[in-house]
Amino acid sequence: MPGVEPREVIIIGSGPAGLTAAIYCARADLHPLVLEGEPSSNSDQPGGQLMLTTEIENFPGFIEGIMGPELMANFRAQAQRFGAEIETVKVSRVDLTERPFKVWVGDPSQSDPTYSAHSIIVATGARSLMLNVPGESELLGHGVSTCATCDGFFFRNQPIAVIGGGDSAVEEALFLAKFASSVTLIHRRGELRASKIMQDRARAHEKISFLWNSVVTEVIGDSRLRGLSLRNTVTGETSTLEVGGCFIAIGHSPNTDLFRGQLNLDDAGYLLTHEGSRTNIAGVFACGDVQDSNYRQAITAAGSGCMAAIDAERYLEGVSV
Amino acid sequence: MSASTITITDNTFDEQIASSSTPVLVDFWAEWCGPCKMVAPILDEIATEQSSRVTIGKLNVDDNIRTAQRFEVMSIPTMILFKDGEAVMRIVGAKSKSALLADIEAHL
């Protein structure tokens, strides 16, 4: 049974933060076990949010850019080169109240944990938020999507809406403009939150238009998406926009359900860290988007993964393992 | 060598579904789809392990958009199980092997 011998460190999550932590832990001879998650079509999957992106232009070291999935494959191969062990499983429960810490995969009601470890690095990241309006869940996969790179192709020569105002929304709009007859970016505020360079590209694009101060109140369709009901937040005016595809990029929510009641969270559900990557439990560290609502970049996630690995190494040196 | 996946195209789809002695799970995929790449090795394993019970067909949507449109595929990976020529189940989005097997098992 794998749970008998406690590991020195278990890393939960396999985005830039988790895999950077794995590279550093492996090179420090901590024999890390990475529980990387399971395949899915949202960002809660091995490799994390970058698996749903195309070109990454701002990750230092790649002069011409690199594809998101390729970058994550490189991170993973590099961690494995130094001996990191990677399991394609999803953690279902943790018990951080006693040492060694316990970790379950599969059925969380089993009494014996699947693994145990002297230290844990939490790198579970964040997932896309949904609109939570009528019609949305019924039409997911039938015109409503959270993955432009997966589904954009099916909306060739059709009008498309993108909901959101941050970098990911603008990036999706620019990507979808390659296929669509038109792209309408619908944002609840009067200005975008996206970076200047992305905004300039979107504004300059002939196929992209903007609907400001607007929220989606209903997703309309039968077997496939037909349109969106909208409400202007300033005037209260309602309208309908006919679209064949609707892509949702309204932000993220941290994947912290596993740790609720054990680790301290802020009001938005992000893990609270102090003095680098430390959580409220000694020996449990957090890195990447699960503890960062502010920067949320691949490079900052990777940097914090490095910090967590170094913090874990120093912690393990100080306790007799 | 045990069974592996079969390639399905717009031109061969009807014939391959009609002539199969087992139900066929058709995987609508494309080279540029990340989640499709996660599912591909899982489907390879299922093709080998369950070869007597289910056939795994691979349909590239870039090259075979007619069949994708015919079944209103608007998100990939989409996997549709055809039994006696009829579409009996549809899975949209990547899943773990155990979840996929459970979905398929219910219809075999």
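Please read all numbers here as calculations on a predicted model, not as lab measurements. Chain naming here is simple, since letters A, B, ... match the order of the sequence lines and numbering starts at 1 in each.
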* Hey, is CD on A:Glu55 packed in by over 12 heavy atoms from elsewhere, all under 6.0 Å? ->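 For A:Glu55, atom CD is crowded (more than 12 foreign heavy atoms under 6.0 Å).
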* **A:Lys90 atom NZ, neighbour heavy-atom count above 12 within 6.0 Å** =>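 It does not: A:Lys90 NZ has 12 such atoms or fewer within range.
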* Starting at CG of A:Leu139, measure out to CE of B:Met74 and round the result to the nearest 0.5 Å. =>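 The CG atom of A:Leu139 sits 8.5 Å away from the CE atom of B:Met74.
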* Asked: Applying a criterion of heavy atom separation less than 4.5 Å, what residues of residues 43-52 of chain A form contacts with chain B?
  ->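 When heavy atoms of chain B are the reference, residues 43-52 of chain A contributes A:Gln45, A:Pro46, A:Met51, A:Leu52 within the under-4.5 Å range.
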* To do: Write down the atom of A:Asp151, the atom of B:Ile76, and the distance for their closest heavy-atom approach.
  =>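 Distance-wise, the nearest heavy atoms are OD1-N, 3.2 Å.
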* **Contacts of residues 90-98 of chain B with chain A (heavy atom under 4.5 Å)** =>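 Checking residues 90-98 of chain B against chain A gives B:Arg90, B:Val92, B:Gly93, B:Ala94, B:Lys95, B:Ser96.
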* Asked: Which members of residues 9-34 of chain B, sorted by number, sit under 4.5 angstrom from chain A on a heavy-atom basis?
  ->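 Expected list: B:Trp32, B:Gly34.
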* Taking side-chain hydrogen bond (donor to acceptor under 3.5 Å, both in side chains) as the test, write out the residues that go with A:Arg224, two or more places apart. =>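 Only A:Gln158 meet the side-chain hydrogen bond (donor to acceptor under 3.5 Å, both in side chains) criterion with A:Arg224.
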* Asked: Using non-hydrogen atoms only, which part of A:Ser145 is less than 4.5 Å away from chain B: side chain, backbone, both, or neither?
  ->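 Looking at A:Ser145, nothing touches chain B.
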* Choice from B:Val39, B:Ile65, B:Val61 maximising heavy atom contacts with chain A below 4.5 Å ->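 Of B:Val39, B:Ile65, B:Val61, B:Val61 has the most heavy-atom pairs under 4.5 Å with chain A.
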* To do: Using a cut-off of under 4.5 Å on heavy-atom pairs, state which of A:Gly141, A:Gly152, A:Gly68 scores highest against chain B.
  =>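 Among A:Gly141, A:Gly152, A:Gly68, the one with the most close pairs to chain B is A:Gly141.
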* **Flag side-chain contact, heavy atom, 4.5 Å: A:Phe154 against B:Gln69** =>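 Not touching, per the 4.5 Å side-chain cut-off.
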* In terms of heavy-atom proximity below 4.5 Å to chain A, should B:Ile42 be classed as side chain, backbone, both, or neither? ->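 The side chain, not the backbone.
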